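We count ligands from 1, going down the list as the structure has it; atoms in each ligand are counted the same way. Because the structure is predicted, anything quoted here is derived from the model rather than measured.
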Amino acid sequence: MRAALVCGAGGFIGHHLVRRLKQEGFWVRGVDLKYPEFSPTPADDFVIGDLRDPAFCRSIIDRRFDEVYQLAADMGGAGYVFTGEHDADILTNSALINLNMLDACYKRNIRHIFYSSSACMYPAYNQQDPENPKCAEHTAYPADPDSEYGWEKLFSERLYLAYHRNYGMEVRIARYHNIFGPEGTWIGGREKAPAALSRKIASAKLKNLPYIEIWGDGYQTRSFLYIDECIEGTLRLMRSDFTGPVNIGSEEMVTIRQLAQLIMEIAGVAVEIRSIPGPVGVRGRNSDNALIYEKLGWKPSQPLRQGLEITYRWVEEQVKAAIAAGKL
Ligand code: NAD
């Protein structure tokens, strides 16, 4: 039986990945500081522990794994990453996890490891024009990410590549671009734009509020990738002979206002969009899928609306329950 280790299995992408690996017949061990928030994990074994501790990392690799997925990170949306208030934690926590996991895998003779980097590592100077951001893989240098989160991702990419060069580790590196879907964080400060806007629009609909607030002028552009396509791309990359780094993202770029409009259409409600000051990140960002298509013969293709419909319905259910419980 094939076996997989998923670090960060209590988080959004990790939980979905465990589900998919189980469907494929893997024996799966999940590891995280916490269990998944919204539904039980289907992992065969789930270990609660702290990957910043090297001894813990060694202890979870007590058997053969065909595939190791390292998704654990100290992470969140713009409200967590771009305020600057969490920089020391973000850099330290995520770097320690990657240093420990790579070393533990190497010492325990596990060779095949996937690392989830982020589009946040691309240089800010290429993302100032909202109409024409440059995020092809080769544009990463000279480096100038706009957040410490992005700098840590870049450092860790280089760490994985160095273990590949020096120790023959079969690493696979993806640069995820704004992944969204059901069972993602939707409230509390770490949520990202699709979930945050779904929450605001569902609240406006259910409580008859006349407007929603968005951070910045709303003309900043992004693309958003539905979770199922993220998992598909991750597995295809892992099982290919291409090391990466490679973008896993959508090329359907929208402004934050367009995203809000789309969600309002899905929700069947129309309210005013008001701008307020807030952390916004770079002016424009979009995936460039030329390389993934060249190397894997595959790229994400699902329209944004399709994933948003599923995600909005899920967030609306959460909002309804929170209102009923007097929490919102
Ligand atoms: P998430 O925050 O939902 O999941 C990360 C998990 O890591 C959390 O469950 C957290 O508890 C766990 N973790 C953090 N510190 C830990 C520690 N010391 N020991 C054990 N577990 C620890 O995030 P996600 O959206 O599922 O993202 C997964 C990965 O993909 C992360 O590395 C993230 O940086 C990367 N990524 C995500 C996106 C996105 O849009 N979601 C975009 C780019 C990159």
task: Would you mind listing which atoms of ligand 1 come within a distance below 4.0 Å of any non-hydrogen atom of S117?
output: 43 (C), 44 (C)
query: Which residue holds the protein heavy atom closest to atom 2 (O) of ligand 1, what is that atom called, and what is the gap in Å?
result: M75 CG, 3.7 Å
query: Nearest to atom 40 (O) of ligand 1, what protein heavy atom do you find, and at what distance?
result: I179 N, 2.7 Å
Heavy-atom nearest neighbour of atom 33 (C) of ligand 1 within options Y69, Y149, Y176, Y115: Y149
- line: Ranking S116, A73, A9, S118 by closest non-hydrogen atom to atom 30 (O) of ligand 1, top hit is S116
query: Do any nitrogen or oxygen atoms of T185 lie less than 3.5 angstrom from nitrogen or oxygen atoms of ligand 1?
result: no
N178 neighbourhood, listing ligand 1 atoms whose heavy-atom distance to it stays under 4.0 Å: 40 (O)
- prompt: Is NZ or CZ of R172 both nearer than 6.0 Å to the six-membered ring centre of F242 and within 45° of the ring axis?
  reply: no
- prompt: Do the charged groups of D288 and K134 touch, with an N to O distance under 4.0 Å?
  reply: no
message: A side-chain contact here means heavy atoms from C-beta on lying under 4.5 Å apart; do T243 and Y160 qualify?
response: no
message: I want to confirm something. Looking only at heavy atoms, which of L71, D74, I90 is nearest to atom 28 (C) of ligand 1?
response: L71
SB check D62 R29 (cutoff 4.0 Å): yes
query: Based purely on interatomic distance, does V31 place a nitrogen or oxygen under 3.5 Å from a nitrogen or oxygen of ligand 1?
result: no
query: Looking only at distance, does I13 have an N or O less than 3.5 Å from an N or O of ligand 1?
result: yes
- prompt: Salt bridge between R190 and E37, side-chain N to carboxylate O under 4.0 Å?
  reply: no
query: Of the choices L51, L33, D53, D50, which has the non-hydrogen atom that lies closest to atom 16 (C) of ligand 1?
result: L33
query: Mind checking whether A72 has an N or O less than 3.5 Å away from an N or O of ligand 1?
result: no
- line: The protein heavy atom nearest to atom 11 (O) of ligand 1 is D32 OD1, 2.6 Å
